[in-house]
Number of protein chains: 2
Amino acid sequence: MYSTAVVRTPGQRAGITRDNVVAAARAILHEEGLAAVSMRHVAARLDVAPNALYSHVADKNALIALLIDAMLDGIEAPTSGPWRDRVTKILADTRTAMLAHGDLVPLCLSRQTIGPNALRLGEAILAALHVGGIEGEAAVRALQLMLVHTIGASAFEVGRRDDPDPVSRQRRGQETAAALDPATHPHTSGQSEAISRFPGETVFQLGLRLLLDGLARDAGNQ
Amino acid sequence: MYSTAVVRTPGQRAGITRDNVVAAARAILHEEGLAAVSMRHVAARLDVAPNALYSHVADKNALIALLIDAMLDGIEAPTSGPWRDRVTKILADTRTAMLAHGDLVPLCLSRQTIGPNALRLGEAILAALHVGGIEGEAAVRALQLMLVHTIGASAFEVGRRDDPDPVSRQRRGQETAAALDPATHPHTSGQSEAISRFPGETVFQLGLRLLLDGLARDAGNQ
DNA sequence: ACCTGAACACCGTTCAAGT
DNA sequence: ACCTGAACACCGTTCAAGT
């Protein structure tokens, strides 16, 4: 497929654009996962030398930032309906998009994403909060709070989904059997089954509801 | 310091233990950050060959898991006082520990941590929730919800703290100026200052309060 | 401006061998 | 069981050079 013999000499151009680079990276991300998204691998798929990418992207970090915003591409922001429903819809769609790109989720929390899609959806949420009487700095804190919940819950879910049986995996590395000892860990041992599960949709909706309830109440009290 | 000439022949032992490996990794983590925590670097600090570590640790993944649990080492779980204060104390201390080991935080969300410290603190939170009338599966979901918030907010904070001016950094890679256009992004442009800030302590305490309020209310209604 | 060749300074992990 | 030597198959990035 890719990495067929390159027949270009130093002076010739390959006709690569930044969109091409991002598209190739996305393809690799979906087909082989984040670990396979290396500069060299992306370059090979485009049939260019590894360092050719640096003409279109500052470094790998910048490429990842582009991938993150591209993940939010299809999400639309409703402009009508009750404000809480609007917020919930946007964040639920965001969660769905993140679950489809699991590898990328942990990176979303640890870097501020200010791509066009992130800005568009953030603006829509601030607009909806405004309708609900949440404005100014309070609205920004509310947005950040809900982003932490949405991205955090998604990362939590992906980690458990992609790592089916961490108990038996980690057992040959730590003394985990203590969790099952009712003497030292009565509550944990009784709920070990529930702990190993993570009903993502349920927890996401529950947390978002609790946050919105509280935020709406705080706004009303002022 | 390390990587002085190794004078051991194949048959001889270096006397390394797993605790030594973890300690060396922690030292590197603190002094040079997560990126510097490589198997080869850790081995060099212990004056052993890179592959010698595999006698004490399954792979790098297992080493990271040990580092994560070690991060929670000093946190104590209160056994008296109001149940909400107990939960808040444990999670606030967890947040503090995470902020001190910023690099590690994103990894905490994407992998289930079942080391002894994580289990100990989880048990303490479940015990406190029990006092508050939150039991069984509801308690587990409450715990997961609060962990998502605590770890998520920490990751959010670290990402912004360690990346001081992401706007000017990413500007040479995406069209971010749209955020400042009042026509398309009225709410965002008006709050761009507040958005670039993230008052970690405030947001953490706010979110935890809202979650606990809601959880307590839900428990009372049943 | 865009691309290649070559290189630098790294990675994690495995395999065979030594005591 | 614990460790070394050597190797495999990779990384991201830079520098000089070509058109």
Side-chain angles (χ1 to χ4, degrees), chain A residues 1-25 28-29 31-67 103 107 111 163 169 172-173, chain B residues 2-25 28-29 31-67 103 107 111 169 172-173:
Chain A
M1 180 101 78
Y2 44 86
S3 90
T4 57
V6 185
V7 288
R8 242 170 282 106
T9 53
Q12 312 185 26
R13 324 213 145 179
I16 300 301
T17 69
R18 188 164 74 186
D19 283 346
N20 288 334
V21 174
V22 174
I28 294 173
L29 177 66
E31 295 169 15
E32 308 175 56
L34 181 63
V37 181
S38 68
M39 298 297 270
R40 301 182 102 103
H41 199 151
V42 172
R45 179 178 268 259
L46 295 169
D47 261 328
V48 296
N51 45 1
L53 302 185
Y54 291 87
S55 296
H56 304 95
V57 152
D59 54 9
K60 190 181 178 181
N61 232 4
L63 177 57
I64 297 292
L66 291 168
L67 281 179
D103 287 349
L107 302 174
R111 59 175 74 203
D163 191 11
R169 177 185 296 197
R172 51 148 186 187
Chain B
Y2 44 85
S3 90
T4 58
V6 186
V7 289
R8 241 169 282 108
T9 52
Q12 310 185 28
R13 322 215 148 180
I16 300 301
T17 68
R18 188 164 71 185
D19 283 346
N20 288 333
V21 174
V22 174
I28 294 172
L29 177 67
E31 294 168 16
E32 309 177 56
L34 182 62
V37 181
S38 67
M39 298 296 270
R40 299 181 103 103
H41 199 150
V42 172
R45 179 178 269 259
L46 295 169
D47 261 328
V48 295
N51 46 2
L53 302 185
Y54 291 87
S55 296
H56 304 96
V57 152
D59 54 10
K60 190 182 178 181
N61 231 3
L63 176 57
I64 297 292
L66 291 168
L67 281 178
D103 288 347
L107 301 174
R111 59 176 74 203
R169 177 185 296 196
R172 50 147 186 186

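Any value given below was found using the heavy atoms of this structure, including those in side chains, with hydrogens, waters and symmetry copies removed. Chain letters run A, B, ... following the sequence lines, proteins first and then strands; every chain starts at 1. For clarity, every value in this text was computed on a predicted model and none was experimentally measured.
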Is it the case that the side chain of [X] and the backbone of [Y] share a donor-acceptor pair, with hydrogens and angles ignored and the cut-off at 3.5 Å?
X: Arg8(B); Y: Asp47(B); value: yes
X: Asp59(B); Y: Ala62(B); value: yes
X: Arg111(B); Y: Asn61(B); value: yes
X: His56(B); Y: Val21(B); value: no

Taking atom [atom2] of [N] as reference, at what distance in whole Å does atom [atom1] of [X] sit?
X: Ile16(B); N: dA1(D); atom1: CD1; atom2: P; result: 18 Å
X: His56(B); N: dC3(D); atom1: NE2; atom2: C1'; result: 9 Å
X: Gln12(B); N: dA17(C); atom1: CD; atom2: C1'; result: 15 Å
X: Ile64(A); N: dC11(D); atom1: CD1; atom2: C1'; result: 14 Å
X: Leu53(B); N: dT4(D); atom1: CG; atom2: C1'; result: 13 Å
X: Asn20(B); N: dC2(D); atom1: CG; atom2: P; result: 13 Å
X: Glu32(A); N: dA9(D); atom1: CD; atom2: C1'; result: 15 Å
X: Asp47(A); N: dC2(C); atom1: CG; atom2: C1'; result: 16 Å

Protein and nucleotides 12-15 of chain D: nitrogen or oxygen contacts under 3.5 angstrom:
{"from": "dG12(D)", "atom 1": "OP1", "to": "Met39(A)", "atom 2": "N", "distance (Å)": "3.1"}
{"from": "dG12(D)", "atom 1": "OP1", "to": "Lys60(A)", "atom 2": "NZ", "distance (Å)": "3.1"}
{"from": "dG12(D)", "atom 1": "OP2", "to": "Met39(A)", "atom 2": "N", "distance (Å)": "2.9"}
{"from": "dG12(D)", "atom 1": "OP2", "to": "Arg40(A)", "atom 2": "N", "distance (Å)": "3.4"}
{"from": "dG12(D)", "atom 1": "N7", "to": "Arg40(A)", "atom 2": "NH1", "distance (Å)": "2.7"}
{"from": "dG12(D)", "atom 1": "O6", "to": "Arg40(A)", "atom 2": "NH1", "distance (Å)": "2.8"}
{"from": "dT13(D)", "atom 1": "OP2", "to": "Tyr54(A)", "atom 2": "OH", "distance (Å)": "2.8"}
{"from": "dT13(D)", "atom 1": "OP2", "to": "Lys60(A)", "atom 2": "N", "distance (Å)": "3.1"}
{"from": "dT13(D)", "atom 1": "O5'", "to": "Tyr54(A)", "atom 2": "OH", "distance (Å)": "3.3"}
{"from": "dT14(D)", "atom 1": "O4", "to": "Asn51(A)", "atom 2": "ND2", "distance (Å)": "3.1"}

[X] to [Y] - nearest heavy-atom pair and separation:
X: Leu67(B); Y: Val22(B); result: CD2-O, 4.0 Å
X: Ile28(B); Y: His41(B); result: CD1-CD2, 3.6 Å
X: Ala43(B); Y: Ala49(B); result: CB-O, 3.7 Å

Taking only residues two or more places apart in sequence, or in another chain, which ones meet Asp103(B) in a side chain to side chain donor-acceptor pair (under 3.5 Å)?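 Scan of Asp103(B) (side chain to side chain donor-acceptor pair (under 3.5 Å), adjacent residues dropped) gives none.
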Could you check whether any side-chain heavy atom of Met39(B) comes within less than 4.5 Å of a side-chain heavy atom of Pro50(B), counting everything from C-beta outward?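 With C-beta onward as the side chain, the pair stays apart.
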Which is true for Ala52(A) with a 4.0 Å heavy-atom rule: it touches a base, it touches only sugar-phosphate, or it touches nothing? base
Stem regions touching DNA chain C, defined by at least 3 consecutive Watson-Crick or wobble G-U pairs below 3.5 angstrom: C:4-8 with D:12-16, C:12-16 with D:4-8
Provide the distance between the two P atoms, one in dC10(D) and one in dA9(C), to the nearest whole Å. 22 Å
